[in-house]
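Have a look at the structure below, then the notes.
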Amino acid sequence: MKNYITLFIFLAFFEIANAHELNGKVISEDDEKLMQGVVVYNKNTGTFTYTDVSGYFEIDDTSVGDVIYFYQLGYENYELTIDESHLDSTVDITMKISSASLDQVLIVSKLNVLSSIVDVDLKTSPVKSSQEILRKIPGLIIGQHAGGGKAEQIFLRGFDIDHGTDISIDVDGMPVNMVSHAHGQGYADMHFIIPETIENLDFGKSSYYADKGNFNTAGYVDISTKKTIDKNVLSVEAGQFNTLRALSMIKIWDGENSNAYIASEMNLTDGVFESPQNFNRLNIMGRYNYNNYNDQEFNLSLSHFQSKWDASGQIPQRAVDQGLIGRFGAIDDTEGGNTSRTNIWMNHIKHFDEHSSLKSSAYLSKYDFELFSNFTFFLEDPVNADQIRQFEDRTIIGAKSEYEESFHLEDHDQQLKYKVGVGFRYDDVNDVQLSRTRNRKELLERLAFGNVDELNAFTFANLTYKVNKWTINPGVRLDYFTFDYQDLLSTTYDSKSENKVLLSPKLNFIYAASPKTQFFLKTGLGYHSNDTRVVVANGGEEILPTAFSTDLGTIFKPTDRIVINAALWSLFLQQEFVYVGDAAIVEPSGKTTRLGIDLGLRYQITDWLYFNTDFNYAHARSIDEPKGEDHIPLAPDFTSAGGINFKDIGGFSGGLSYRFVNDRPANEDNSIVAEGYFITDLNLNYNHKNWTFGLIVENLFDSEWNETQFATESRLFNEANPVEEIHFTPGTPFFLRGKVSVRF
């Protein structure tokens, strides 16, 4: 026995003694700058890490013969085979810039690795608007129904998310969603983002992420904007319907450790409707970046956005069928609104050593919103009509800090990384109101009028344990809410307050069968908060409905140029109470369940030709309703999107993209159906030196389609009785724009 113990100790010591460390720095050949965020991956052991703000990396458990893979999208892959000279030594790696390609993507044991793969879609076919970036997420569709100035309607995983109730959206750590919004809970207006400033997209479906909180039920989206720009850019677009867009991105400082740029955007259009939209939007953003290329990086950003528009609203199908109006006409063309948002936000990272770091972020936003709508026409008021005004004036302040540390356990075959975080968000919403108006001028009646104060304080812990081919990721999140509402319609002082605490555990498993294959099982609880007015009306009961989600799937890369993803998923949502901002009433809804399948394929056919497609199916039903009356209105059951793109063919680049939505129920018994559509878009560019000339075509085949649809009861001016049927916003017809841009 003594000999066996001695042998065991010797073998263990021999294994540790032969487990060496490789460290070094990664440099860009183009500008000789140190590169942050490069993936450093040991193909033999599955161990991986990232370069820090100084371009430094350290990867343990390396042996002679191991192949170390260096990856960053937009750079040629670099492989280093370890020999005796590399062991316990420092190396410098130089990476060459290259066009984004699927063979640059690495499947590592990361919880949301699919977002890294979808980044190839983004780099290959840049988005035309900030909201359109959401279409890059497999299975997510959007629709606009208020003249381009209102936040888009979002659909994902069998949810009609409205404007953001069940998806959490951030920009550089600053939340986009608005709690207790005048129009709807979770309202997420992304129009303050200039699309050319977007660097990459991180997303995850369902609620498996401890650092994601409110609204993370169907998923989350984190958008990162560019820290720096390589060249100045001036661009002008012009097209049909009196459309004009101008863009500038100018470097105002370019030092050794710090730089800054300003981006601005102006949009003008009359839109496709018979009544001009008179749409205008102005964006401006400034960003300062400091990196000491040692242990710290700091980013400070400021932005301002303002927009005004008129809208033709949703129109009833019968009015078109009877010839009262055309498809692009209006029953009430006095709809529209104006909104603005001013932000200042900062991000800081401090590396204490090669294994530990602290990330901090903070933000302050000033926001206002005014929207005029008329969904029912003359149903409630046959004389003055049913126009409503929704208004609010909001200030948001928040901050978050995350400490992360990683280390090896004694046998060196096991890695452990933990992250703990703490933060808060406070919304001060003044004069949030719903009123009946006429011609956007005359106030007829206030239906709701008050002040909202809402605080969300939170903490979370996340552990990633890697042993052999397995990665186990448990996590937990604790949220505390206070909801305060002061009713300004009351003749006496009327202020109510409620508190709530919620614990949300997560547990995920990843099995890396090979360097090109990953299987995963994800589980977790998520939630979305309800409107403060719901909370106080319901006495604080059932005010944070919980969602329980499960994903079982795989990501497979059979060759360097093909990636396949597949998942079976389920999502259960508890009882909730919904505040209907358009009517100032509280509507209860019961438990719901959703089951689905996600399938995706990405194929780098050649160096210059790229293809992607996704198919997503969801079966969504209400549990508490009888069969046949349990459909969830507007929940999409089958969607698909994809495209084919080419680049660098005699200076030409471009592509075709499509999106498909199947017919879906518009009401609970499926007696009213929202029609599906198949739309194809085209973009074509020619590059000559620093100049780019482009064509953008939306709806290439001029299909007749409805972008958004609702089953609504309304009454026209000449009707004695109301009618419930499809009300829709027509989709854009063939829409051609030209573009000229120059880089210098």
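With contacts defined as side-chain heavy-atom distances shorter than 4.5 Å, the pair L80/H86 qualifies. In this structure, W345 and R287 have side chains that are in contact, with non-hydrogen atoms separated by less than 4.5 Å. Side-chain atoms of I223 and I193, non-hydrogen and from C-beta on, do get closer than 4.5 Å to each other. Taking the side chain as every heavy atom from C-beta outward, E58 and L22 never approach each other to under 4.5 Å. With contacts defined as side-chain heavy-atom distances shorter than 4.5 Å, the pair M95/E76 does not qualify. With a 4.5 Å cut-off on side-chain heavy atoms, F407 and Q415 do not count as touching. The side-chain heavy atoms of I117 and N565, taken from C-beta on, include no pair separated by under 4.5 Å. No side-chain heavy atom of S303 sits less than 4.5 Å from a side-chain heavy atom of I284.
At a threshold of 4.0 Å, the pair D66-K43 does not count as salt-bridged, since none of the basic side-chain nitrogens sits closer than that to a carboxylate oxygen. Classification of K419 and E402 as a salt-bridged pair holds, one side-chain N sitting under 4.0 Å from a carboxylate O. Salt-bridge formation is not detected for the pair D230/R743: no Lys NZ or Arg NE/NH1/NH2 atom is positioned less than 4.0 Å from an Asp or Glu carboxylate oxygen. Under 4.0 Å is where a charged nitrogen must lie from a carboxylate oxygen, and between R602 and D121 at least one such pair does. Of the charged side-chain nitrogens involved, at least one lies within less than 4.0 Å of a carboxylate oxygen, so that E297 and K227 count as a salt-bridged pair. Remark: E199 engages K226 in a salt bridge, criterion side-chain N to carboxylate O under 4.0 Å. Salt-bridge annotation for D551 and R157: present, with a side-chain N of the basic residue lying under 4.0 Å from a carboxylate O of the acidic one. The pair D170-K400 does not meet the salt-bridge criterion, since no charged nitrogen lies less than 4.0 angstrom from a carboxylate oxygen.
Taking the six-membered ring where tryptophan is involved, the planes of F48 and Y41 are tilted, since the angle between them lies from 30° to 60°. Ring orientation note: the planes of Y78 and F70 are nearly perpendicular, at an angle over 60° on the 30°/60° scale.
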- Any chance you could lay out the side chain to side chain donor-acceptor pair (under 3.5 Å) test for Q296 and N294, step after step, and finish with the verdict? CA-CA 6 Å; Q296 293 191 68; N294 181 25; over 6 Å; no

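Under the 3.5 Å distance criterion, with hydrogens and angles disregarded, a donor-acceptor pair is assigned to the side chains of S258 and W253. Side chains of E79 and N77: no donor on one and acceptor on the other come within 3.5 Å. In the model, S264 has a side-chain atom that pairs as donor or acceptor with a side-chain atom of S248 under 3.5 Å. Between the side chains of S401 and S360, at least one donor N or O sits under 3.5 Å from an acceptor N or O. At a cut-off of 3.5 Å, with distance as the only test, a side-chain donor of D202 or S115 sits close to an acceptor on the other residue. Side-chain atoms of Y403 and E405 form a donor-acceptor pair, as typed in the model, at a separation below 3.5 Å. Between the side chains of N456 and D479, at least one donor N or O lies within less than 3.5 Å of an accepting N or O. For N473 and N462, the side-chain atoms include at least one donor-acceptor pair closer than 3.5 Å.
The aromatic ring centroids of F519 and F509 lie 6.0 Å or more from each other. You'll find the ring centres of W608 and F646 outside the 6.0 Å limit.
Considering all non-hydrogen atoms of both residues, G655 and N645 come closest at CA-OD1, 3.5 Å. Counting all heavy atoms, side chain and backbone alike, I555 lies closest to V113 at CD1-CG1, 3.1 Å. Contact detail for L525 and K506: the closest heavy-atom pair is O-NZ, 2.5 Å. Of all the heavy atoms in S549 and T217, the pair that sits closest is OG-O, 4.2 Å. Across I198 and L122, no two heavy atoms sit closer than the pair CG2-CD2, 4.4 Å. The two atoms that bring N177 and A188 nearest to each other are ND2-CB, 4.0 Å, heavy atoms only.
Taking the centre and axis of the six-membered ring of F458, the NZ or CZ atom of R477 falls inside the cone set by 45° and 6.0 Å. Both the sub-6.0 Å distance and the 45° axial angle are not jointly satisfied by K212 relative to the ring of Y209.
Checked against N289 for a side-chain hydrogen bond (donor to acceptor under 3.5 Å, both in side chains), the options N299, N257, T228 give a single hit: N299.
Q604 places no side-chain N or O within 3.5 Å of a backbone atom of S101 that could act as its donor or acceptor partner. With K647 contributing its side chain and A100 its backbone, the two residues share a donor-acceptor pair below 3.5 Å. Using modelled atom types, one side-chain atom of N347 and one backbone atom of D172 make a donor-acceptor pair closer than 3.5 Å. Put simply, the side chain of T459 never gets that close to the backbone of L478: no donor and acceptor are under 3.5 Å apart.
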